[in-house]
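Below: one structure, written as structure tokens.
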Amino acid sequence: QVQLVESGGGWVQPGESLRLSCVSSGSRHRFNLMGWYRQTPGKERELVADIDTSGVTKYVDSVKGRFTVSRDRIRNTVYLQMNSLKPEDTAAYFCHASLNIAGNTGHYWGQGTQVTVSS
């Protein structure tokens with residue numbers, strides 16, 4: 001019933017920016033963690049950035065200083081501002097959220113949005 005829907009992906013040239021959005025629905029609770037993963041063919045999915053309920057963020061080293069993750073806690077929405085994009089950032093980006101209730105943790109995923117960075 002919980003759904004995560006990403007938007008904002010597309011094609012850009014190196015050095016340009018994109019802003020990804022992930023809108024959730026179907027949950028009456030705030031997610032403990034919300035963030036973004038990315039995956040390219042033949043590679044393992046990796047965490048790009050996430051943010052907890054206190055606003056503490058985590059980033060993979062390769063995007064530090066370029067990407068910023070933020071969230072709207074009331075609306076259970078997470079954003080990823082991606083600046084100074086590089087070809088190496090090309091991947092399918094997936095929104096992820098986790099919810100811990102009474103000792104049970106649920107994990108939810110969006111369908112993904114493609115980001116392509118090339119000249």
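Every value quoted in this text rests on a predicted model; they were computed, and no experiment measured them.
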Minimum-distance pair of heavy atoms, taken over all atoms of Ser17 and Asn83: OG-OD1, 2.9 Å
Could you report the tightest heavy-atom contact between Leu47 and Lys58, atom names first, then the distance? CD2-CD, 3.7 Å
In terms of hydrophobic clustering (I, L, V, M, F, W, Y; side-chain heavy atoms under 4.5 Å; direct or indirect links), are Leu18 and Tyr37 co-clustered? no
Which heavy-atom pair separates Val69 from Trp36 by the least distance, and what is that distance? CG2-CD1, 4.2 Å
Rounded distance (nearest 0.5 Å) linking atom OG of Ser25 with atom CD of Gln1: 8.5 Å
Please report the interatomic distance CG(Asp72) to SG(Cys22), rounded to the nearest 0.5 Å. 12.0 Å
Got a list of side-chain donor-acceptor pairs under 3.5 Å for residues 94-112, not counting sequence neighbours?
{"residue": "His96", "atom": "NE2", "partner": "His107", "partner atom": "ND1", "Å": "3.1"}

Between Leu80 and Arg38, is the side chain to side chain contact (heavy atoms under 4.5 Å, CB included) condition met? List the steps. CA-CA 12 Å; Leu80 185 66; Arg38 66 186 180 187; over 6 Å; no
Between Lys86 and Asp89, does the salt bridge (Lys or Arg N to Asp or Glu O under 4.0 Å) criterion hold? Intermediate values first, please. CA-CA 5 Å; Lys86 303 176 179 180; Asp89 297 316; over 6 Å; no
Atom CD of Glu88 and atom OG of Ser62: how far apart are they, to the nearest 0.5 Å? 8.5 Å
Is it true that atom CD of Glu16 has more than 12 heavy atoms of other residues, nucleotides or ligands lying nearer than 6.0 Å? yes
Only residue of Thr53, Leu33, Asp50, Thr77 satisfying side chain to side chain contact (heavy atoms under 4.5 Å, CB included) with Arg71 is Thr53
If two hydrophobic side chains count as joined below 4.5 Å and joins carry through other members, does Leu4 share a cluster with Tyr79? no
Contact summary for Glu6 and Tyr93, nearest pair of heavy atoms: OE2-O, 4.0 Å
Do Arg66 and Met82 make a side-chain contact, defined as non-hydrogen atoms from C-beta onward lying under 4.5 Å apart? no
Take Phe67 and Leu85 through the side chain to side chain contact (heavy atoms under 4.5 Å, CB included) test and state the conclusion after the steps. CA-CA 9 Å; Phe67 291 11; Leu85 282 162; 3.8 Å; yes
Minimum heavy-atom distance between Ala91 and Thr40, given as atom pair plus value: CB-CG2, 3.6 Å
Considering only heavy atoms from C-beta outward, does the side chain of Phe31 approach that of Val2 to under 4.5 Å? yes
Here the gap from Gln13 atom CD to Ser118 atom OG, rounded to the nearest 0.5 Å, amounts to 8.0 Å
Give me the atom names and distance for the closest heavy-atom approach of Ile51 to Val78. CG2-CG2, 4.3 Å
When you look at Thr90 and Gln114, which way does the side chain to side chain contact (heavy atoms under 4.5 Å, CB included) test go after all the steps? CA-CA 8 Å; Thr90 296; Gln114 179 68 34; 4.0 Å; yes
